[in-house]
Structure formats: structure tokens, C-alpha cells
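Below: the structure, in C-alpha cells.
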Amino acid sequence: MKNNTSKSETKLETKLAHAGRDPANFHGFVNPPVVHASTVLYPDSQTLVTGSQKYSYARRGNPTTDSLEDALKEIEGAAGVKLANSGLNAISLAILSCVKAGDHILIADTAYGPTRHFADTVLPGLNVAVEYYDPSLGAGIKSLYKPNTTAVFTEAPGSLTFEMMDIPAVAATAHEIGATVLMDNTWASPLYCQPLSFGVDLSIQAGTKYIVGHSDAMLGTIAASEKAWDNLDKLHGAMGSHVAPDDVYLGLRGLRTLSVRLERHEKNTATVLNWLKDQPAVGALRYPALESDPGYEIWKRDFSGASGLCGFNFAKGTTEAQAHAFLDALTLFGLGYSWGGFESLAIPVRLKGMRSATPIDSDLHAIRLHIGLEDPEDLIKDLGQALDKAFK
Ligand SMILES: *Cc1c(COP(=O)(O)O)cnc(C)c1O
């Protein structure tokens, strides 16, 4: 960066455009090269045996992975960043970097389903005790701490129920007992929420969603605080994780336009929800950026914006057949998992088996929507005709 603007003083949008790029290193080209590699050659045997050059072997990094890691390090204010080959891989690596046999981990009951699956099927075999907690506990989580609690996993909002949690309060109590605090921050992305700034040690992104942003690659990222970095770096190296350079590049490319995309997702979502709230077939909306939402105050305090993922319940008495008829009648909304791309999506919310600490009314039929970058009036028309068909 030229002039006297130091990088640390720049705003997030500016960092999204500039961080992790050094055109002077690559003959002036704006973007770094996509380095396809395994072997790295050394100039002589002395350099090889001492390992005294920047790159040693492509599994441990190359100029393309460095660029994305450096960008996120600056954006998230992290001591270091590691990439993973999916969001779930980022979650499992982050957890494994801070638990060992005999430890106890607390996981928010709202955690992403596959996070639960990892915790329930892998951790017990490593003799790590898993306990789920009510995300509304806040500092009250203290009562669940045991002498061997070493990690507290958080996520906000929950990606199916959109419940918020007071992560700064949880983090403060966790640090009193020396535990590592993890957060799945995929919903807001690092643009709208900066977890390391309020006490989170490992900030996790399913980069597959808003960072890649175009539904064309899988990616995970983990940004670590000073305290958590060393263990993450070692575990990541030991596990042999590596993300292919084309996918890393798609992540970098997506990052550059994250702010304009999220701004539009947020605006379109507000327009669509404002229409949905008045539809007779629709019950409660689920989106923490609505003043009517129980998580609104926390959202306003900890987040600087909202993304395109939201949900709603159908009115009481709606049948499963009606919910399915609604989904089947949609034409612009695709039916499919994942989200964060440019396109709108819908799925039925199925909570069976997904909660253990906090019971939830699973009779209420709910829908999760991802509001994409289409014209919101077209999305509203599509939702309207689908509601008409399902509730005729
Ligand atoms: C999709 C998702 C993940 C997992 O990401 P993948 O790249 O699909 O493995 C993790 N957390 C949340 C909240 C997600 O929505």
C-alpha cells in the first residue's frame, strides 16, 4: 500500500480488496498465480538439509494459499490462519487442535448438524467427553464447567433456528478456566462479525458459503488467536491438510467482492422478509436482524450486518404436505443444501435428532431460505405463487 495509510488503519472493505496481494512479487499482476505443485526444488543440498528457503513442499503451502491465509489473517485480526478443504474439515481440525484424551468439550445445542455428527462419532473414541449446552445460557454456562473442560464451541446464529447467543459472555467465563473458545461464524462472515475481537480463539468459516460465494467450490478457514495458533498450526501440519490451488483461488476471488454481495443479500432479505411477515400462511420469522427477533439486541451489539440466510415457520396447523407443496412449487428458489452463493435456495428445516440440551417444537413446519442476488420482487412473486398453490 502506498502513501502513509498503514494497512492496520484501513477499513474492512478496503482490506477485502487489498489484503494478501503483493503485485510487485508477481511482475505487477493484480492477482497471485494459481500454483499447481507438489515438489519444490532446492538450489543445493545445504539448503535442502537445513530447510532454509521459504517453501519446502506444496502440502505445507505455496504462494496461492499464502495469499488467502494472509488476507484472512489481516481481515480477522488473527495470529495465523489455516485453510481446510471444507467448512466441516475446518471445524474438525479446529476442535482437534484444542482437545486431548481426558478432556471435556461443551458444544452449543444449535451447532451445525455435521458438527454434532463429528463430535458424537469421533470424539468419544478419542476419550473426549462431549456435552451440549443451551445457547441461551450466556455466562450461566459456568455451571457446566468441569475441571477437564478445555474447549467451548459456539455458533451464532444457529443455521437452522437462527438463535443468537452471548458469545462475549461465554468467552469471558471460558477464559477464566483457560479453555479455548471456538466459533462457527459462517452466517455473518468476517465482514459482519469479528469473533477474535470479542474473545473467540478459533474463528471458523465454511468458506464454501460467502467467501467462495458462487456455489462452485468447497473451502474452510480457521483464524486463530495468539493463544490458539501454535496448536492449530501443529495439528494442521500433522494431519496433512491441503486445499487445491484452484479452489483457494476461487476463495480469494470471492473474498474481493464479499462486501458488495453481502450488502445486496442483506437488502434483498429485508425486502423479502418484510413481505413474508404479512402472509397469512406464515408464522414467526427467524432472522436476528429483525427488531421482533429474540436475538436482535445481541445481533446489534456483536454484528455489523446480516446475511441472506433466514427462516420462517408456517402458521400453526400447517401440514407437512402443505410445506412440501410450497417447496415443490418454487421456481426461482432451488431446493438444496449449502448456501452463500448468488442464487436463492430453500429447504425444509428438520430438527429431529438435532437438539439434546434444549427441546424444540419439531411439529412446527419451518423453511430455511437463502435470499440470493436476484431482483427481490421476482423472489416475492415466486414465494407468493408457491404459497397460493400450497394453501389454496
Ligand atoms: C455449510 C456449513 C458448514 C460446513 O461447510 P462445508 O463447506 O459444507 O463443509 C459449517 N457450518 C455452517 C454454519 C454451515 O452452514
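In each ligand, atom 1 is the first atom listed, and ligand 1 is the first ligand listed. Being a predicted model, the structure only gives us computed values, none of them experimental.
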What are the atom names and distances for all N or O pairs under 3.5 Å between ligand 1 and the protein?
residue: ligand 1; atom: 7 (O); partner: Gly87; partner atom: N; Å: 2.7
residue: ligand 1; atom: 7 (O); partner: Thr208; partner atom: OG1; Å: 2.5
residue: ligand 1; atom: 9 (O); partner: Gly87; partner atom: N; Å: 3.1
residue: ligand 1; atom: 9 (O); partner: Leu88; partner atom: N; Å: 2.8
residue: ligand 1; atom: 11 (N); partner: Asp184; partner atom: OD2; Å: 2.6
residue: ligand 1; atom: 15 (O); partner: Lys209; partner atom: NZ; Å: 2.6
residue: ligand 1; atom: 15 (O); partner: Trp339; partner atom: NE1; Å: 3.1

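- Ring to ring, Tyr210 and Trp339 are close: their centroids are under 6.0 angstrom apart.
- For Thr121 (side chain) and His117 (main-chain N/O), a donor-acceptor pair under 3.5 Å exists by modelled atom type.
- Evaluation of the salt bridge (charged side-chain N to carboxylate O under 4.0 Å, His left out) rule for Asp233 yields Lys82 as partners, not counting sequence neighbours.
- Two residues are said to be in side-chain contact when any heavy atoms from C-beta on lie closer than 4.5 Å; Glu74 and His18 fail this criterion.
- For Glu76, there are no salt bridge (charged side-chain N to carboxylate O under 4.0 Å, His left out) partners two or more places apart in sequence or in a different chain.
- Every pair tested for side chain to side chain donor-acceptor pair (under 3.5 Å) that includes a residue from residues 281-290 fails, sequence neighbours excluded, so the list is empty.
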